[in-house]
Engineer: 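If you scroll down you'll find the structure; I have some questions about it.
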Amino acid sequence: MGAKAMRILLIGDDSSDGRSVREALADDQDGPFIVECAQRLDDALERLSRNGITAILLDLWLPDSQGIATFEQVWRAAPHAPILIIGSPDDQGVARQAVERGAQDYIQRDHLDTYTLPRALKRIIERRAADEVLYFEQQRAEVTLNSIGDAVLSTDVAGNVTYLNLVAERMTGWPRHEAMGRPVAEVFQIIDAATREPARNPLDRAMQFDRVVELTATCLLIRRDGTETIIEDSASPIHDRAGLVIGAVMVFKDVSETRAMAMHAVYLAQHDFLTELPNRMLLNDRLTQAIALARRRGHRLAVLFVDLDRFKHVNDSLGHVIGDELLQSVARRLVTCVRSSDTISRQGGDEFVVLLSEIKDADDAAGSAQKILAAVLEPHDVARHHLHVTATIGISIYPDDGPDAEKLIKCADTAMYHAKEGGRNNYHFFEPEMNVRAVERQWIEAGLHRALDRREFVLHYQPKIDLETGAMTGAETLIRWVHPDRGLMFPNDFVPIAEDTGLIVPIGQWVLREACRQSRAWIDEGQRPISVAVNISAVEFRDPLFLENVRTVLNDTRLDARYLELELTESSLVQHAESTTIALQALKGMGVQVGIDDFGTGYSSLSYLRQFPINVLKVDQSFIHEISADPVGNSIVRAVISMGKSLGHRVVAEGVETREQLAFLQAQRCCEGQGYYFSRPLVAEQFGRLLDTGLSGLVLQ
Ligand code: C2E
Ligand code: MG
Ligand code: MG
């Protein structure tokens, strides 16, 4: 037949047993069986050392081994083969002992017949096979449960522990053998993390509702030694074949680390990476809470907007790394200036906002502001530099200046700008009039966006005069905004805003093109060519397309470059000395003249003046206006004029209004002058007529 033969090893020296067995197994109906015999234990062990035995029939009484010891040895030699003990009725005690230790069964000698023996053998072989499968399944489950990272614990229907895997043992602190059979509440103790009340066990609920139960609230597992772990768990009921709940399995895991990571992510989202101070978002939260509290309790709070003065200068000249370290140093100082209940935040760049969550009165806030100014003022040791910075602070108060976070921060910001105007290293409280200015600013900004398209700008021209001959040497173009509602507006009212918004770039392009076009038009009319000066803001000068644009405009308008002069302020030149030199060289290469405007009001550094290829120095009008009134002022003008001349520059005096001023300038041999004394700025048409007729001969008298 196709069935594989079962090889039976009969171990025993009773010859009648041998006969009975052979006869009983001869019939193939349950077989086929092949019978081998070993009369002594030695022989048996020798045979078992080789494979192939399906089952063993064992007589415990052998010539060389007796009793249970026989079983022990055979069993050790053949752990996988099922063993059926053969015995007499007297042997029952020891046979039972053998069964307890792993023998499958025992059979009495007188039952070694064709009916009983094959069935008994077959049964033990099959059972052994089934046991092997079960054992394997159990092993697999055990290994699996111990290799997953989650803890697994199961109970019977009464809620007593029936199983824990290794992770569960470790997390609860209960070894399996001790936990087995105990009520689960004893082994798996959980409390609600928020309330610290005992939390309901998910196993109970899984069984009660006969469904999977996930953990809802954040739970703390109390280990046997009292330590706590944040966990997440879920439980599922176990059913018997009939579908009845017979227990439950719970899976849980330590989420302390995940939680910590989540908390860290929240921290990162709410803090500034550079200074680790709360960021804008967290400040808004805290400020909103502080306002709510102040409203309920009827107290006041203050918002301080802190801006470092000339921080950009540090960043540009010493580099970002040092700039960053300086900001960190400032941040540390700020923290020492306030109470722990207050909040210091970094808004970005060199701006910080301080929330004083409870103040008695404005003086309190002023005190904090002074403390902050003093703390920032102390030198900062950064990368072997001894850096000095100052700050400017704007202050707003709740409820006086606004009802909410946004309004208060805005007011403090506005006040800060005003403080800057009044000189740096200074603080200023918000005042309602400031708002008017802020609104005005927005209004101008909106108008500026449209002004170019609507052709609302015009240029005025103011002559420059040779102070020796009285001849006109050139003109400065000055922009005007003919506002549809307001009429004529002067540059001081809108140029700074155009600079802040970057609109100065397209506006400046228009000015340059219009000035060159007009100048060329006068030449084409047959006028004697004069130089036209165009004012250039720092923002325009730093624009990467600036040089390209100058070249294009000169080309397009066919104006000879030597008739174009660009007026730059000292501050826009010193900002990036290196690239400035390159740009100035390029202008020189094109043949364009360069003048320094408002000379004397900025950083005035002789080394710069020498380094830069410039042609003209325009002495600021404030010096000219001082003339004659103040001998010290006079000596400064004198010094500036002779310095400019010694450097080989043309020196132009701005804002000449009186004869005394003119006389003084002439005495100092200042080359040129510009001012109301000669002419106010004129529209193009008027200026064209002036070109025709020349200034009246009285000019220099
Ligand atoms: P600035 O370049 O120093 O121009 C001289 C200013 O002094 C002009 O004011 C001019 O009208 C005024 N002024 C001339 N003579 C006298 C005088 O005798 N006494 C007094 N008190 N003032 C006199 P304006 O036109 O209001 O321009 C102010 C500033 O706006 C200019 O100062 C210049 O920096 C800027 N600006 C003017 N036009 C432009 C432009 O097209 N682009 C840029 N970026 N800035 C411009
Ligand atoms: Mg100018
Ligand atoms: Mg000027």
Side-chain angles (χ1 to χ4, degrees), residues 444 448 451-452 456-465 467 472 474-482 488-519 531-543 546 549-550 553 564-573 593-602 614-627 650-662 664-665 672-684 686-687 695 699:
I444 289 177
L448 277 178
L452 264 181
E456 289 169 1
F457 294 118
V458 291
L459 290 186
H460 285 189
Y461 300 82
Q462 188 180 32
K464 293 186 204 172
I465 308 298
L467 295 187
M472 195 195 299
E476 175 174 13
T477 59
L478 296 160
I479 191 170
R480 303 288 180 258
W481 182 9
V482 187
L488 197 63
M489 286 178 67
F490 289 87
N492 290 342
D493 292 331
F494 63 87
V495 166
I497 298 171
E499 287 173 342
D500 284 352
T501 55
L503 280 168
I504 194 68
V505 173
I507 294 173
Q509 283 173 357
W510 176 84
V511 172
L512 183 70
R513 185 168 287 272
E514 175 58 16
C516 292
R517 185 202 63 77
Q518 180 62 71
S519 183
S531 119
V532 275
V534 173
N535 291 288
I536 305 292
S537 298
V539 185
E540 299 174 65
F541 186 58
R542 283 201 306 268
D543 188 86
F546 175 71
N549 185 53
V550 173
V553 168
L564 177 63
E565 182 179 313
L566 301 181
E567 290 189 8
L568 294 153
T569 58
E570 284 166 273
S571 47
S572 55
L573 293 181
Q593 306 274 301
V594 176
I596 296 193
D597 205 351
D598 304 343
F599 182 70
T601 57
I614 45 179
N615 313 91
V616 180
L617 273 187
K618 295 189 77 180
V619 181
D620 191 67
Q621 29 179 292
S622 56
F623 296 107
I624 311 302
H625 296 165
E626 299 279 300
I627 288 175
R650 264 160 55 218
V651 178
V652 180
E654 289 189 273
V656 183
E657 290 181 353
T658 65
R659 278 186 61 176
E660 292 75 46
Q661 291 163 356
L662 171 62
F664 178 85
L665 292 166
E672 291 170 50
Q674 178 186 346
Y676 296 164
Y677 182 72
F678 309 110
S679 166
R680 295 198 164 249
L682 305 169
V683 297
Q686 285 174 316
F687 189 84
L695 288 164
V699 171

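Keep in mind that what you see is a predicted model, and the values were worked out from it rather than measured. Note that ligands are numbered from 1 as they come in the structure, with each ligand's atoms numbered from 1 the same way.
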Engineer: What part of Glu476, side chain, backbone, both or neither, has a heavy atom within less than 4.0 angstrom of ligand 1?
Structural biologist: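 It is the side chain that gets close, since no backbone atom is under 4.0 Å.
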
Engineer: Are any non-hydrogen side-chain atoms of Phe678 and Leu467 less than 4.5 angstrom apart?
Structural biologist: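 Side-chain contact under 4.5 Å: yes.
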
Engineer: Under the side chain to side chain contact (heavy atoms under 4.5 Å, CB included) test, which residues partner Ala475, sequence neighbours left out?
Structural biologist: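 Counting only residues at least two positions away or on another chain, Ala475 forms a side chain to side chain contact (heavy atoms under 4.5 Å, CB included) with Tyr461, Ile530, Phe687.
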
Engineer: Answer yes or no: is there a side-chain heavy-atom contact under 4.5 Å between Leu665 and Ile624?
Structural biologist: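 They are in contact (side-chain heavy atoms under 4.5 Å apart), so the answer is yes.
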
Engineer: Is it the case that ligand 1 has an N or O less than 3.5 angstrom from some N or O of Tyr677?
Structural biologist: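 Among all N and O atoms of Tyr677, none is under 3.5 Å from an N or O of ligand 1.
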
Engineer: Heavy-atom contact under 4.0 Å between Gln674 and ligand 1?
Structural biologist: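 Gln674 does not count as a contact of ligand 1 under the 4.0 Å cut-off.
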
Engineer: Keeping the roles fixed (side chain from His460, backbone from Arg480), state whether a donor-acceptor pair exists under 3.5 Å.
Structural biologist: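 Here the side-chain-to-backbone pair does not exist.
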
Engineer: Measure the CD-CG distance between Glu570 and Asp598 for me, rounded to the nearest 0.5 Å.
Structural biologist: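 It comes to 8.5 Å.
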
Engineer: Counting each atom of ligand 1 from 1 as listed, which ones have a heavy atom of Glu540 under 4.0 Å away?
Structural biologist: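 Every atom of ligand 1 under 4.0 Å from some heavy atom of Glu540: 44 (N).
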
Engineer: With heavy atoms under 4.0 Å as the rule, classify the contact between Pro681 and ligand 1 as side chain, backbone, both or neither.
Structural biologist: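 It is the side chain that gets close, since no backbone atom is under 4.0 Å.
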
Engineer: How is the N/O/S atom of Asp597 that comes nearest to the Mg ion (ligand 2) named?
Structural biologist: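 The nearest such atom is OD2.
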
Engineer: Backbone, side chain, both or neither: what part of Asp597 comes under 4.0 angstrom of ligand 1, heavy atoms only?
Structural biologist: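 Just the side chain.
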
Engineer: Is the shortest distance from a heavy atom of Arg480 to ligand 1 less than 4.0 Å?
Structural biologist: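 Distance cut 4.0 Å: Arg480 passes for ligand 1.
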
Engineer: Counting only N and O atoms by type, is there a donor-acceptor contact under 3.5 Å from the side chain of Glu654 to the main-chain atoms of Gln674?
Structural biologist: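 Side chain of Glu654 to backbone of Gln674: no pair is present.
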
Engineer: Quick one: which ligand 1 atoms are inside 4.0 Å of a heavy atom on Gln462?
Structural biologist: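 Reading through ligand 1 atom by atom, the close ones are 14 (C), 15 (N).
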
Engineer: Considering just N/O/S atoms, say which atom of Glu567 is closest to the Mg ion (ligand 2).
Structural biologist: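 Closest N, O or S atom of Glu567 to the Mg ion (ligand 2): OE1.
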
Engineer: Could you tell me whether a side-chain N or O of Asn535 sits under 3.5 Å from a main-chain N or O of Glu567, the two making a donor and an acceptor?
Structural biologist: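 Here the side-chain-to-backbone pair does not exist.
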
Engineer: What's the spacing between Glu476 CD and Leu459 CG if we round to 0.5 Å?
Structural biologist: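 Answer rounded to 0.5 Å: 11.0 Å.
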
Engineer: Return the orientation label for the Phe457 and Trp510 ring planes: parallel under 30°, perpendicular over 60°, tilted otherwise.
Structural biologist: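 Plane angle between 30° and 60°, so tilted.
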
Engineer: Which is it for Ile479 and ligand 1 at heavy atoms under 4.0 Å: side chain, backbone, both or neither?
Structural biologist: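 Both backbone and side chain.
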
Engineer: Say whether, by atom type as modelled, one donor and one acceptor occur between the side chain of Ser537 and the main chain of Glu540 under 3.5 angstrom.
Structural biologist: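 Pair absent, no side-chain N/O of Ser537 close to backbone of Glu540.
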
Engineer: Glu499 to ligand 1: N or O pair under 3.5 Å?
Structural biologist: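 In this structure, Glu499 places no N or O atom under 3.5 Å from an N or O of ligand 1.
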
Engineer: Any Lys/Arg nitrogen of Lys464 or Glu565 sitting under 4.0 Å from an Asp/Glu carboxylate oxygen of the other?
Structural biologist: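 Glu565 and Lys464: salt-bridged.
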
Engineer: If you look at Glu476, which of its N/O/S atoms is nearest to the Mg ion (ligand 2)?
Structural biologist: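 The Mg ion (ligand 2) is closest to the Glu476 atom OE2, counting only N, O or S.
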
Engineer: Would you mind running through ligand 1 and noting each atom that sits below 4.0 Å from a heavy atom of Glu654?
Structural biologist: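 Matching atoms, with element in brackets: 1 (P), 3 (O), 5 (C).
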
Engineer: Of Thr658, Ile624, Leu478, which has the heavy atom at the shortest distance from atom 4 (O) of ligand 1?
Structural biologist: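 Residue with the shortest heavy-atom distance to the ligand atom: Leu478.
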
Engineer: Taking the non-hydrogen atoms of Gly508, is any one of them nearer than 4.0 angstrom to ligand 1?
Structural biologist: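 So Gly508 does not count as touching ligand 1.
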
Engineer: Examine distances only and state if a side-chain atom of Thr477 and a backbone atom of Ala533 form a donor-acceptor pair shorter than 3.5 Å.
Structural biologist: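 It does hold such a pair.
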
Engineer: Can you find a non-hydrogen atom of Arg680 under 4.0 Å from ligand 1?
Structural biologist: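 Checking ligand 1 against Arg680, which is what was asked, there is no heavy-atom contact under 4.0 Å.
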
Engineer: Could you list the atoms of ligand 1 found under 4.0 angstrom from a heavy atom of Val511?
Structural biologist: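 What qualifies from ligand 1 is 41 (O).
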
Engineer: Examine the proximity of ligand 1 to Asp598 and report which part, side chain or backbone, both or neither, has a heavy atom under 4.0 Å away.
Structural biologist: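 It is the side chain that gets close, since no backbone atom is under 4.0 Å.
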
Engineer: When you look for heavy atoms under 4.0 Å from ligand 1, do you find them on the side chain of Asn492, its backbone, both, or neither?
Structural biologist: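 For Asn492, only side-chain atoms sit under 4.0 Å from ligand 1.
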
Engineer: Return all side-chain donor-acceptor pairs below 3.5 angstrom for residues 488-496, not counting sequence neighbours, or 'none' if the list is empty.
Structural biologist:
none

Engineer: Just going by heavy-atom distances, which of Glu657, Gln661, Met489 is nearest to atom 20 (C) of ligand 1?
Structural biologist: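 Closest candidate by heavy-atom distance is Glu657.
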
Engineer: With heavy atoms under 4.0 Å as the rule, classify the contact between Gln621 and ligand 1 as side chain, backbone, both or neither.
Structural biologist: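 The answer is the side chain.
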
